[in-house]
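Down below is the structure, laid out as structure tokens.
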Amino acid sequence: MNIEWTADELKFRDEVRDFFKLELSEDIRAAGKLMTSVYSDHELSMKWQHKLVAKGWAAPSWPVEYGGCDWTVAQHYIFARERALAGAPPLSPMGIQMCAPAIICFGTPEQKDFFLPRMLSGEHFWCQGYSEPGSGSDLASLQMPAVDDGDHFICNGSKIWTTHADEANWIFCLVRTTKASKPQLGITFLVIDMNTPGIEVKPIISLTGEHIQNEVFFQDVRVPKTNVIGKVDEGWTVAKYLLEFERGGAAYAPLMQIRLEEIRDFAATIPGDSSPRLIEDPLFAAKLAQAEIKAATLEMYELRTMSAISAGGSPGTSASVMKILGTELQQLVSEVALEASAAYGHSYQPQACAPGGATIYPHQESGLEGPLDAALAPLRYFNERAGSIYAGSNEIQRNILAKAALGL
């Protein structure tokens with residue numbers, strides 16, 4: 001895609017580059033460059049968030065009156081691409097990118113005044129309580145009850161695959177407040193202080209040995225009704241709105257394009273099975289080119305979606321399209337990288353990365369066998385397997401598109 005930037009856009013790009021050059025310390029840069037999943041190291045991510053807050057760039061998509069930026073679509077794209085080029089870590093999406101839009105759209109003035117500034121400052125760090133052991137992609141089947149008790153709800157049950165619940169001090173949950181004939185009815189969107197008595201967090205260890213996911217248990221947890229976002233029993237409307245931002249609220253293409261460039265450069269330095277350099281192997285070169293074409297196509301679609309959002313719309317069904325294309329592209333890129341890593345890709349070397357959580361399994365503390373790119377490849381490969389499942393599996397996204405976009 002050829003874009004001829006205006007003088008003002010080039011000036012903005014230079015401002016972003018200068019900011020990254022000045023404020024992106026080596027430890028924060030490493031947290032971004034060496035990520036193996038969609039989550040970076042928590043402490044360094046918060047350190048970076050504080051720098052962005054001071055600049056006024058922590059939540060650029062928010063309305064200006066709440067601390068957002070009055071950026072054009074081009075500026076949003078420039079910032080996303082420059083962030084990826086600089087290796088800056090993304091901020092945790094749970095609060096600023098997901099719960100915040102729901103509060104801005106459905107919250108009361110008091111809720112906005114209380115939660116949004118604390119989200120921005122990092123005083124409140126959020127996790128998401130949607131999935132349950134028996135309700136994942138079929139989210140409307142969730143059963144965790146919240147029983148009416150005067151000015152409070154009493155919550156019992158559990159949530160699973162809750163990212164950074166071990167770090168979070170607030171959680172936004174979907175709970176069952178009424179049994180109804182239609183599963184989407186009777187669901188309420190509730191925000192809960194994680195320090196409330198009766199909440200217990202237990203770790204789930206991923207294939208790469210990282211502790212990022214958790215299971216959260218609720219036993220007689222009392223939550224004030226003032227913590228309901230939107231209306232009681234109408235939380236499905238809030239949840240659908242929020243999921244548009246979870247599924248399609250971020251640009252996949254810039255980071256994937258940069259990783260593909262890194263793979264191309266790496267493949268030019270190592271021998272192939274039947275060629276002096278791997279990049280000259282026809283089969284590998286074709287697979288790499290296919291991924292690059294898909295990344296360019298996704299970039300075009302993301303820009304169109306960003307344009308619609310900037311005009312006052314929401315991602316809508318485009319969120320499902322972007323989620324499908326983005327996560328499947330991530331998986332393809334991780335496959336190409338793993339192929340390029342050859343035998344080194346068989347090694348478990350978590351010391352090469354900057355994971356989003358503690359690494360549990362014993363491993364060598366320093367040093368690598370083979371190049372850094374090869375050591376990172378299998379870790380990213382395993383993490384990206386979850387991409388087509390989280391935020392509603394890609395099969396569910398295709399069903400949504402069949403119904404909402406095609407009328408089937």
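Throughout, residue positions are numbered sequentially from 1 according to the sequence presented.
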Exercise for the section: Check whether any side-chain heavy atom of V147 lies under 4.5 Å from a side-chain heavy atom of F153, and answer yes or no. Expected result: no
Problem - Side chains of T177 and D233, donor plus acceptor under 3.5 Å - result: yes
Exercise for the section: Decide side-chain contact (heavy atoms from CB on, under 4.5 Å) for Y381 and E335; before the verdict, give the C-alpha distance in whole Å, the side-chain angles of both, and the deciding distance to 0.1 Å. Expected result: CA-CA 6 Å; Y381 174 85; E335 291 167 10; 3.7 Å; yes
Problem - Sub-4.5 Å side-chain heavy-atom contact between S25 and K47 - result: yes
Exercise for the section: Answer yes or no: is there an ion pair linking K55 with E23, defined by an N-O contact shorter than 4.0 Å? Expected result: no
Practice task
Hey, can you tell me if W48 and F20 have their rings parallel, tilted or perpendicular (30° and 60° cut-offs)?
Solution key: tilted
Exercise for the section: Evaluate whether atom CD of E43 has more than 12 neighbouring non-hydrogen atoms of other residues, nucleotides or ligands under 6.0 angstrom away. Expected result: no
Completion exercise
When rounded to the nearest 0.5 Å, the distance separating OG1 of T359 from OH of Y348 is 5.5 Å
Exercise for the section: Would you indicate whether D18, at its atom CG, is surrounded by more than 12 heavy atoms from other residues, nucleotides or ligands within a distance under 6.0 Å? Expected result: yes
Exercise for the section: Verify the neighbour count for atom CH2 of W236: are there more than 12 heavy atoms of other residues, nucleotides or ligands below 6.0 Å? Expected result: yes
Problem - Note, L242 side chain near F106 side chain (heavy atom, < 4.5 Å) - result: no
Handout entry: E65 side, atom CD; L116 side, atom CG - distance, nearest 0.5 Å
Key = 10.0 Å
Handout entry: Inter-residue atom distance M46.CE - F125.CZ, 0.5 Å rounding
Key = 6.5 Å
Practice task
Check whether the side chains of D8 and T6 place a donor and an acceptor atom closer than 3.5 Å, and report yes or no.
Solution key: no
Fill in the blank from the handout: Closest non-hydrogen contact found for A58 with L120 is CB-CD1, 4.0 Å
Practice task
State whether the number of non-hydrogen atoms from other residues, nucleotides or ligands found under 6.0 Å of Y344 atom OH is greater than 12.
Solution key: no
Handout entry: Check: E123 main-chain N/O paired with N169 side-chain donor or acceptor under 3.5 Å
Key = yes
Practice task
Examine distances only and state if a side-chain atom of Q349 and a backbone atom of E369 form a donor-acceptor pair shorter than 3.5 Å.
Solution key: yes
Problem - Side-chain donor/acceptor of S135 to backbone N/O of S141, under 3.5 Å - result: yes
Handout entry: Q143 backbone acceptor or donor facing E132 side chain under 3.5 Å
Key = yes
Handout entry: Contact check, side chains of S158 and P133, non-hydrogen atoms, under 4.5 Å
Key = yes
Problem - side-chain contact (heavy atoms from CB on, under 4.5 Å) between L325 and T297, intermediate numbers included - result: CA-CA 9 Å; L325 297 179; T297 303; 5.8 Å; no
Exercise for the section: Identify which one of K323, E328, Q397, Q331 satisfies the side-chain hydrogen bond (donor to acceptor under 3.5 Å, both in side chains) criterion when paired with S388. Expected result: Q331
Practice task
May I ask you to decide if the ring planes of W126 and F172 are parallel, tilted or perpendicular, using 30° and 60° as cut-offs?
Solution key: tilted
Problem - Side-chain (N227) to main-chain (L190) donor-acceptor, under 3.5 angstrom - result: no
Exercise for the section: Mark yes or no: R83 above the aromatic ring of F79, with NZ or CZ under 6.0 Å from the six-membered ring centre and no more than 45 degrees from the axis. Expected result: no
Practice task
Run the numbers on E82 and F12 for side-chain contact (heavy atoms from CB on, under 4.5 Å), then give the verdict.
Solution key: CA-CA 11 Å; E82 293 300 321; F12 175 74; over 6 Å; no
Problem - Nearest heavy-atom neighbours spanning V38 and P90 - result: O-CG, 4.1 Å
Completion exercise
Taking every heavy atom of P254 against every heavy atom of E302, the minimum-distance pair comes out as CD-OE1, 3.8 Å
Handout entry: Reported CZ-to-CG distance for the pair R176 and L185, which is rounded to 0.5 angstrom
Key = 8.5 Å
Problem - Closest non-hydrogen atom pair, C353 against T36 - result: CB-CG2, 3.3 Å
Problem - Separation of E200 CD from Q219 CD (nearest 0.5 Å) - result: 9.0 Å
Exercise for the section: Decide yes or no for L338 and P378: does some side-chain heavy atom of the first lie under 4.5 Å from some side-chain heavy atom of the second? Expected result: yes
Problem - Stepwise side-chain contact (heavy atoms from CB on, under 4.5 Å) test for L142 and L139 - result: CA-CA 6 Å; L142 66 91; L139 188 56; 4.2 Å; yes
Handout entry: Closest heavy-atom pair and its distance - A146, C155
Key = CB-SG, 3.9 Å
Handout entry: Exam field: side chain R264 to backbone I279, donor-acceptor pair closer than 3.5 Å
Key = no
Handout entry: Other residues, nucleotides, ligands: >12 heavy atoms within 6.0 Å of E280 CD
Key = yes
Exercise for the section: Verify side chain to side chain donor-acceptor pair (under 3.5 Å) between Y39 and S92, making sure each step is shown before the conclusion. Expected result: CA-CA 7 Å; Y39 299 99; S92 174; over 6 Å; no
Exercise for the section: Hey, could you give me the CD1/CD1 distance between I212 and I205, rounded to the nearest 0.5 Å? Expected result: 9.5 Å
Handout entry: Side-chain touch T196/V223, heavy atoms, less than 4.5 angstrom
Key = no
Exercise for the section: Decide whether E210 and S37 meet the rule of one side-chain donor and one side-chain acceptor closer than 3.5 Å. Expected result: no
Handout entry: Smallest separation among heavy atoms of G107 and I229, with atom names
Key = N-CG2, 4.2 Å
Exercise for the section: Please check if the side chain of H164 supplies one atom and the backbone of G356 the other of a donor-acceptor pair under 3.5 Å. Expected result: yes
Problem - Side chain proximity check, C127 to M194, heavy atoms < 4.5 angstrom - result: yes
Practice task
Kindly say whether H42 contributes a backbone atom to a donor-acceptor pair with the side chain of S45 at under 3.5 angstrom?
Solution key: no
Handout entry: Residues R259 and Q330: side-chain donor-acceptor under 3.5 angstrom
Key = no
Exercise for the section: Take atom CZ of F382 as the centre, draw a 6.0 Å sphere, and report whether it contains more than 12 heavy atoms from other residues, nucleotides or ligands. Expected result: no
Exercise for the section: Check whether any side-chain heavy atom of M94 lies under 4.5 Å from a side-chain heavy atom of W170, and answer yes or no. Expected result: no
Handout entry: SB check K202 E215 (cutoff 4.0 Å)
Key = no
